[in-house]
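Comments concern the structure below.
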Amino acid sequence: MRKTLVLGLILVLGTAFGGIAATLSGSWDTDIIIDPQQTGFNDALGIVSILTVAYSVDGWTFTSITDLDEGGWTDQDFAVAGTLGAFTLTSSLGFDPVVLAFDSWNTTINVAIAGVSFGADFTLEDYDVMLILTGSGVAGDVLLGVELTFGGDDNDICDLNWVDLEISLGFPFCCTILEAAVSFDCDGFENIVFTAEEIVIPNLPYLILDATLVFTVQTKTLTLSPSFDFGATACFDLYIDLGSTGGVGPGTVLTLDSITIEGIGITCDIGVVTFTALSFWGDGTKPGLLAGTPYWEVYAVSSNDNACCGPFGFDLAVYFLDAGAMLFDVALIDADMTLQIASQFTFNMGMEIDVEIGALTEWVLGFLVTW
């Protein structure tokens with residue numbers, strides 16, 4: 001009798017869900033990282049695995065994201081997003097399974113009424129709460145925005161004290177679009193800022209100036225910020241830096257000191273292969289494949305069309321270190337490949353060879369399962 005009731009319940013639930021336009025999707029993305037330089041098994045083997053499960057029904061999506069590594073369960077997040085009438089809502093919860101602690105809770109609500117958008121963003125994190133209320137609208141060429149902030153002062157007190165208010169306005173003025181922003185904090189009026197961007201100098205269209213005028217209760221400051229726009233480059237990418245001093249008044253005039261070329265790069269497609277070369281010797285933030293690395297130059301080839309040989313992709317990059325210890329200053333070889341075995345299963349493998357020390361420093365085996 002009990003088995004009959006259970007079977008009947010399963011059939012009823014199955015029939016009910018069958019009538020709902022719902023989908024269950026997700027992915028399992030896993031990399032096994034092997035460090036051949038380590039002698040111990042536990043030190044040599046690492047695992048990074050992310051399991052994502054999403055259930056969507058009637059315009060709402062409920063998501064669970066689980067992070068795992070060789071030490072076990074490292075992070076857990078839950079999220080929900082959907083619409084309720086004219087309102088769009090999102091909410092996410094984060095937990096730390098390692099220390100059995102709550103991480104954060106963030107909820108946003110947005111609605112547009114008669115061309116005016118309103119929003120609310122609530123965050124609970126690190127024993128502190130923050131609420132940001134926003135509003136914006138457009139009337140012809142005039143843009144108006146308001147942002148009101150409560151809490152978030154990192155005082156470890158779960159309160160919603162008022163922090164600041166910012167009102168922004170954009171409107172045509174003479175021959176430019178002027179942006180204005182008024183800020184208030186707990187002490188009252190903080191400042192009002194007027195900004196005119198992309199001021200073009202006649203006969204020098206590649207030189208662009210931004211002007212910012214700041215009023216406080218006791219001071220007024222005008223700042224000119226120059227930048228160059230040489231337009232689209234043909235074939236090669238040039239990384240150009242403009243040196244300048246002054247431009248903050250009253251007190252100093254704006255002086256353009258130098259124009260320096262900090263790097264050069266090229267990217268082109270040769271059949272189904274993309275060739276990339278990038279050199280950067282400046283002091284600024286490194287671009288492209290060099291970002292976040294100690295290297296100054298890289299050459300790379302990668303596939304750009306799976307039709308060449310089936311569901312297969314690869315990329316190979318060679319990095320160069322200034323005053324390196326090896327031939328031609330070659331310092332690192334980085335290779336990756338992916339092979340789509342089935343429509344929902346992709347295998348990947350990658351390796352890094354540090355030529356400076358003459359060893360394979362990382363070997364990654366991974367797979368991605370989607371449904």
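Owing to the predicted nature of the structure, the values given are computational and were not obtained by experimental measurement.
The ring pair (Phe, Tyr, Trp, His ring centres under 6.0 Å) analysis of residues 123-144, with sequence neighbours excluded, yields no pairs. Listed by first and then second residue, the side-chain hydrogen bond (donor to acceptor under 3.5 Å, both in side chains) pairs that reach into residues 285-298 are Ser279-Glu297, Glu297-Tyr299, sequence neighbours excluded. For the side-chain hydrogen bond (donor to acceptor under 3.5 Å, both in side chains) condition, the pairs that include at least one residue of residues 95-111, sequence neighbours left out, are Thr90-Thr108, Ser91-Trp105, Ser91-Thr107, Trp105-Thr107, Asn106-Asp121, Asn106-Thr123. For residues 360-371, the set of pairs meeting the side-chain hydrogen bond (donor to acceptor under 3.5 Å, both in side chains) definition, not counting sequence neighbours, is empty.
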Query - Verdict with supporting geometry, Thr219 and Val214, side-chain contact (heavy atoms from CB on, under 4.5 Å) - result: CA-CA 8 Å; Thr219 64; Val214 180; over 6 Å; no

Requested in this report: Determine, stepwise, if the pair Phe275 / Thr267 fulfils side-chain contact (heavy atoms from CB on, under 4.5 Å).
Outcome: CA-CA 6 Å; Phe275 172 77; Thr267 299; over 6 Å; no

Requested in this report: Report the C-alpha distance between Leu144 and Ile167 in whole Å, list the side-chain angles of each, state the deciding distance to 0.1 Å, and finish with yes or no for side-chain contact (heavy atoms from CB on, under 4.5 Å).
Outcome: CA-CA 8 Å; Leu144 177 65; Ile167 303 174; 4.1 Å; yes

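Cluster membership for Met130 and Ile109, using ILVMFWY side-chain heavy atoms within less than 4.5 angstrom, is not shared. By the rule that hydrophobic residues join a cluster once side-chain heavy atoms approach within less than 4.5 Å of another member, Leu124 and Leu131 end up as members of one cluster. Neither Leu222 nor Ile199 shares a network with the other; the hydrophobic side chains, linked directly or stepwise wherever heavy atoms of I, L, V, M, F, W or Y lie under 4.5 Å apart, form separate groups for each. With hydrophobic clusters built from ILVMFWY side chains whose heavy atoms lie under 4.5 angstrom apart, Met326 shares a cluster with Ile333. Linking ILVMFWY residues whenever their side-chain heavy atoms come closer than 4.5 Å, directly or via other members, places Val318 and Leu327 in the same cluster.
The backbone N or O of Asp128 lies less than 3.5 Å from no partner atom in the side chain of Asp126, so there is not a single donor-acceptor pair. Panel note: side chain Asp269, backbone Val272; no donor-acceptor pair is recorded below 3.5 Å.
The 12-atom threshold is exceeded at CG of Asp257, counting heavy atoms of other residues, nucleotides or ligands nearer than 6.0 Å. Crowding of Phe345 atom CZ: a count of heavy atoms from other residues, nucleotides or ligands under 6.0 Å exceeding 12. The environment of CD1 in Ile47 is crowded: more than 12 heavy-atom neighbours from other residues, nucleotides or ligands sit within 6.0 Å. Shown here is Trp73, whose CH2 atom has no more than 12 heavy atoms of other residues, nucleotides or ligands within 6.0 Å.
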Kindly list each side-chain donor-acceptor pair under 3.5 angstrom involving residues 173-193, sequence neighbours excluded, with atom names and distances?
{"from": "Asp185", "atom 1": "OD1", "to": "Asp187", "atom 2": "N", "distance (Å)": "2.9"}
{"from": "Asp185", "atom 1": "OD1", "to": "Gly188", "atom 2": "N", "distance (Å)": "3.3"}

Could you go through residues 346-360 and list every donor-acceptor pair under 3.5 Å that involves a side-chain atom there, pairing it with any protein atom two or more places apart or in another chain?
{"from": "Asn348", "atom 1": "OD1", "to": "Phe367", "atom 2": "N", "distance (Å)": "3.4"}
{"from": "Asn348", "atom 1": "ND2", "to": "Asp31", "atom 2": "OD1", "distance (Å)": "3.3"}
{"from": "Asp354", "atom 1": "OD1", "to": "Glu356", "atom 2": "N", "distance (Å)": "3.0"}
{"from": "Glu356", "atom 1": "OE2", "to": "Ala325", "atom 2": "N", "distance (Å)": "2.9"}

Tabulate below the donor-acceptor pairs under 3.5 Å that side-chain atoms of residues 201-212 make, not counting sequence neighbours, or state none.
{"from": "Asp210", "atom 1": "OD1", "to": "Glu198", "atom 2": "N", "distance (Å)": "2.7"}

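Residues that satisfy the side chain to side chain contact (heavy atoms under 4.5 Å, CB included) test with Asn161, not counting sequence neighbours, are Asp153, Asp159, Val163. Partners of Leu148 according to the side chain to side chain contact (heavy atoms under 4.5 Å, CB included) rule, which considers only residues two or more places apart in sequence or in another chain, are Leu133, Phe150, Trp162, Leu165. Applying the side chain to side chain donor-acceptor pair (under 3.5 Å) criterion to Asp241, with sequence neighbours excluded, gives no partner residue. Scanning for side chain to side chain contact (heavy atoms under 4.5 Å, CB included) contacts around Val298 gives Leu278, Leu289, Leu290, Ala317, Tyr319, with sequence neighbours left out.
Separation of atoms CD1 (Ile264) and CZ (Phe236) is listed at 5.0 Å; rounding is to 0.5 Å. One distance of note links CG of Leu332 with CG of Leu321; it measures 10.0 Å at 0.5 Å rounding. Taking CG from Leu368 and CD from Gln340, the interatomic distance works out to 9.5 Å, rounded to the nearest 0.5 Å. Rounding to the nearest 0.5 angstrom, the gap separating the CG atom in Leu242 from the OG atom in Ser227 is 7.5 Å. Here the CD1 atom belonging to Ile50 is positioned 8.0 Å from the CD1 atom belonging to Ile65, to the nearest 0.5 angstrom. Distance CD1/Ile34 to CG/Leu45: 6.5 Å, rounded to 0.5 Å.
Counting all heavy atoms, side chain and backbone alike, Gly140 lies closest to Val138 at O-CG1, 3.4 Å. Between Asp329 and Ala323, the shortest heavy-atom contact is OD2-N, 3.7 Å. The nearest pair of heavy atoms linking Leu224 to Pro226 is O-CD, 3.7 Å. The two atoms that bring Thr252 and Gly246 nearest to each other are OG1-CA, 3.4 Å, heavy atoms only. The shortest non-hydrogen separation linking Trp28 to Ser49 is NE1-OG, 2.6 Å. Heavy-atom minimum distance, Ser64 versus Phe78: OG-CE2, 3.8 Å.
Side chains of Ser244 and Leu254 form a contact here, defined as non-hydrogen atoms less than 4.5 Å apart. Looking at heavy atoms from C-beta onward, Leu51 lies out of side-chain contact with Leu68 at the 4.5 angstrom threshold.
Chaining together hydrophobic side chains whose heavy atoms lie under 4.5 Å apart places Val364 alongside Ile33, Val48.
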